[in-house]
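See below for the structure under consideration.
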There are 2 protein chains.
Amino acid sequence: MEYQEAKDKFISTWGSLGSLWGINKAMAQIQALLFISTKPLSMEEIMEDLKISRGNTSMNLRQLMDWGIVTKTLVAGERKEFFTTEKDVQELARIIAVERSRREIKPVVKVLNDVSSITDDGTAKTKELIKQTKALHELTETMDVMINKLVNQKQNWITKSLLKLFK
Amino acid sequence: MEYQEAKDKFISTWGSLGSLWGINKAMAQIQALLFISTKPLSMEEIMEDLKISRGNTSMNLRQLMDWGIVTKTLVAGERKEFFTTEKDVQELARIIAVERSRREIKPVVKVLNDVSSITDDGTAKTKELIKQTKALHELTETMDVMINKLVNQKQNWITKSLLKLFK
DNA sequence: TTAAACTTTCAATAATTACTGAAAGTTTAA
DNA sequence: TTAAACTTTCAGTAATTATTGAAAGTTTAA
């Protein structure tokens, strides 16, 4: 396997993986492309490399910037905009964890809390609903706390956590 | 908010959440319904409650069984099949974690390993591809190991882990 | 056996989600 | 200013994914 094949394989795998963790294919592919690029890329270069339209590129770059994963970079002497992604995997993982917590987990915790707080009318089904959603609420919240604490350890957090868990 | 409203809210929230962790809406809704039910439910009851077709119900129940989250239960004196879901949230979380590791993480680790093992032809771009995919490989593998070890602690694993991490 | 009760399969279709491309908008250099 | 260089927006369309429903398949009781 030589460069081009390996590159394509990486980008397409990362792309289809994206949908699993809640971002779309193009978004994940753009990030992947930037991740292995040796220099900032322009919209033009991204479109050409991934064979996607200008509109699509623009929209997905914006989303990546909203996530805080990609940033605009100025290149001396160039008028157009260039883009780079966070290159440190641990930092990348931190950003993603925090964003997912904010976007996905927090809203769910809220709903679970609301649902589990309905008044107990004494019926078995109400009791079961309360009991189960309470358990889910507690679990989800614990996991969210865990993620947010882990992530605050910054430097080398994943390895550090692994060590802590199994020493 | 009384029972029916709370129930609907829970089922629809869980349903839309499903797509975030890689299962479809109907599948997540069926699981949610079983999760708060006080007794095993038949296909008929599930269809009616969620207003989905027989075919859809059948296919998604199968998937839930493939995941190991839902099981068939026999009800005395009844010919048709009844279904129940794992009721313990911690056990549920364990099953999901293990399955996701197997279905999603493991294949990615393999691709990353393949890609990062290409021969270094000395060019900057090849060096960058190798370096970055190696870093990603290492991280992904560490996280996978972490998940699998955590999950083997069985009883009360989430709370235990939280304590370990922050004592 | 057979036929009723039930479940599964799958082609057709609906619903959702992603993508394009051209027009509108913005910025910058002259 | 203005016009070239560039980016964003968004209605239309394409691609993907989920759902239906009816036919085929299976099981069980008589």
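Note that the structure is predicted; figures quoted are calculated from it, not measured.
- Within the structure, salt bridge (charged side-chain N to carboxylate O under 4.0 Å, His left out) contacts touching residues 103-116 of chain B (residues at least two apart or in different chains) are Lys9(A)-Asp114(B), Glu99(B)-Arg103(B), Arg100(B)-Glu104(B), Lys106(B)-Asp144(B), Lys110(B)-Asp114(B).
- For the pair Leu64(A) CG and dA18(C) C1', the interatomic distance rounds to 15 Å; values are reported in whole Å.
- Proximity note for Arg54(B) (side chain, C-beta onward) versus dT27(D), dT7(C), dT20(D): the nearest is dT7(C).
- Position along DNA chain D of the nearest nucleotide to Phe83(A) versus Met59(A) favours Phe83(A) as the more 5'-ward residue.
- As rounded to whole Å, 11 Å separates atom C1' of dT7(D) from atom CZ of Arg79(A).
- The distance from atom CD1 of Ile30(B) to atom P of dT19(D) is 9 Å, rounded to the nearest whole Å.
- Nucleotide dA30(C): paired with dT1(D) (Watson-Crick or G-U wobble, both distances less than 3.5 Å).
- Of the N and O atoms on the side chains of Thr38(A) and Glu128(B), not one donor lies less than 3.5 Å from an acceptor on the other residue.
- Closest to the Ser53(A) side chain, of the nucleotides dC6(C), dC19(C), dT8(D), is dC19(C).
- Glu81(A) comes within contact range of the sugar-phosphate backbone alone, with a heavy-atom separation under 4.0 Å but no base atom that close.
- Distance from the side chain of Lys25(A) is smallest for dC19(C) among the nucleotides dC6(D), dC19(C), dT20(C).
- Contact between Asn152(B) and Asn148(B) at its shortest, heavy atoms only, is ND2-O, 3.0 Å.
- Residues that satisfy the salt bridge (charged side-chain N to carboxylate O under 4.0 Å, His left out) test with Glu44(B), not counting sequence neighbours, are Arg54(B).
- Closest to the side chain of Met43(B), from the set dT7(C), dC6(C), dT20(D), is dT7(C).
- If you check every strand for non-hydrogen atoms under 4.0 Å, Asn56(B) touches a base.
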